[in-house]
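Computed from a prediction, not measured in an experiment: that's the story for all the values here. Both ligands and their constituent atoms are indexed starting at 1 by order of listing. All heavy atoms count here, side chains included; hydrogens, waters and symmetry mates do not.
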Amino acid sequence: MTTPVNEVKHPLVQHKLSLMRDKDTPTPIFRQLIKEISQLLAYEITREMPMEQRDVETPLRVTSAPHIQGRKPALISILRAGNGLMDGVLDLIPTARVGFVGLYRDEETLQPVQYYFKVPSHLGERLTLVVDPMLATGNSAVAAIDLLKKAGATKIRFMCLLAAPEGIACMQAAHPDVEIVTASIDECLNDAGYIVPGLGDAGDRIYGTT
Ligand code: URA
């Protein structure tokens, strides 16, 4: 079983993404756009959340009304670029519980190594939304999800701005149960591991570093 990739074709998502790809888009605008696009992607990624009916007293009478069922979702940012997506998602789901996974790449083994891990309790009972703008090789996303599954997460979705086919294949091989929601599936990775055509280094563009 491989979960399909949801490439969100909504005109607002696509237009905002095109502005973000432009190398001349300045940092404050880039940051504003990633916030706006993350809200639209969050809308998609939460579409299938289970609902339950509960009574509500309107000014006129009591009625049975739909509410989201169960514990609050867990929103997990893969540091540091994930934080750029996190803020917008939190605007839309302010009650989400937030966690962080920090990974760096060991220059000898080229494997991701964990340097920070702090996540909400009861992960197994929460929809776990993992955010990182770029699904490039897929190595950090897979490593982060390995850690989250060890911590008890069972229902996991991954949100990114851009996904490379290589990253999607890596994720689907390791975690075929994890749905990927992305604004675009781009062409490929270049030799330096950047997504092409891409938007450059997402962290640098969000935080104005080089
Ligand atoms: N990380 C980025 O920030 N950009 C890419 O293109 C690939 C990985």
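Backbone and side-chain nitrogen or oxygen atoms of Ala202 are examined, and one is located within less than 3.5 angstrom of a nitrogen or oxygen of ligand 1.
There is no side-chain donor-acceptor pair under 3.5 Å between Asp204 and Thr210.
Close contacts of ligand 1 with Ile195, meaning ligand atoms under 4.0 Å from a residue heavy atom, involve 5 (C), 6 (O), 7 (C). The ligand atoms of ligand 1 that sit less than 4.0 angstrom from a heavy atom of Ala136 are 7 (C), 8 (C).
Closest to atom 7 (C) of ligand 1 among all protein heavy atoms lies Gly193 O, 3.4 Å. In terms of protein heavy atoms, atom 2 (C) of ligand 1 is closest to Met134 CG, 3.5 Å.
The closest donor-acceptor contact from the side chain of Gln14 to the backbone of Val8 lies under 3.5 Å. In this structure a side-chain-to-backbone donor-acceptor pair under 3.5 Å is missing from Ser64 to Asp55. Put simply, the side chain of Arg205 gets close to the backbone of Leu199: a donor and an acceptor are under 3.5 Å apart.
Considering each of Pro133, Pro197, Gly200, the one bringing a non-hydrogen atom nearest atom 4 (N) of ligand 1 is Gly200.
A 6.0 Å sphere centred on CD1 of Ile68 holds no more than 12 heavy atoms belonging to other residues, nucleotides or ligands.
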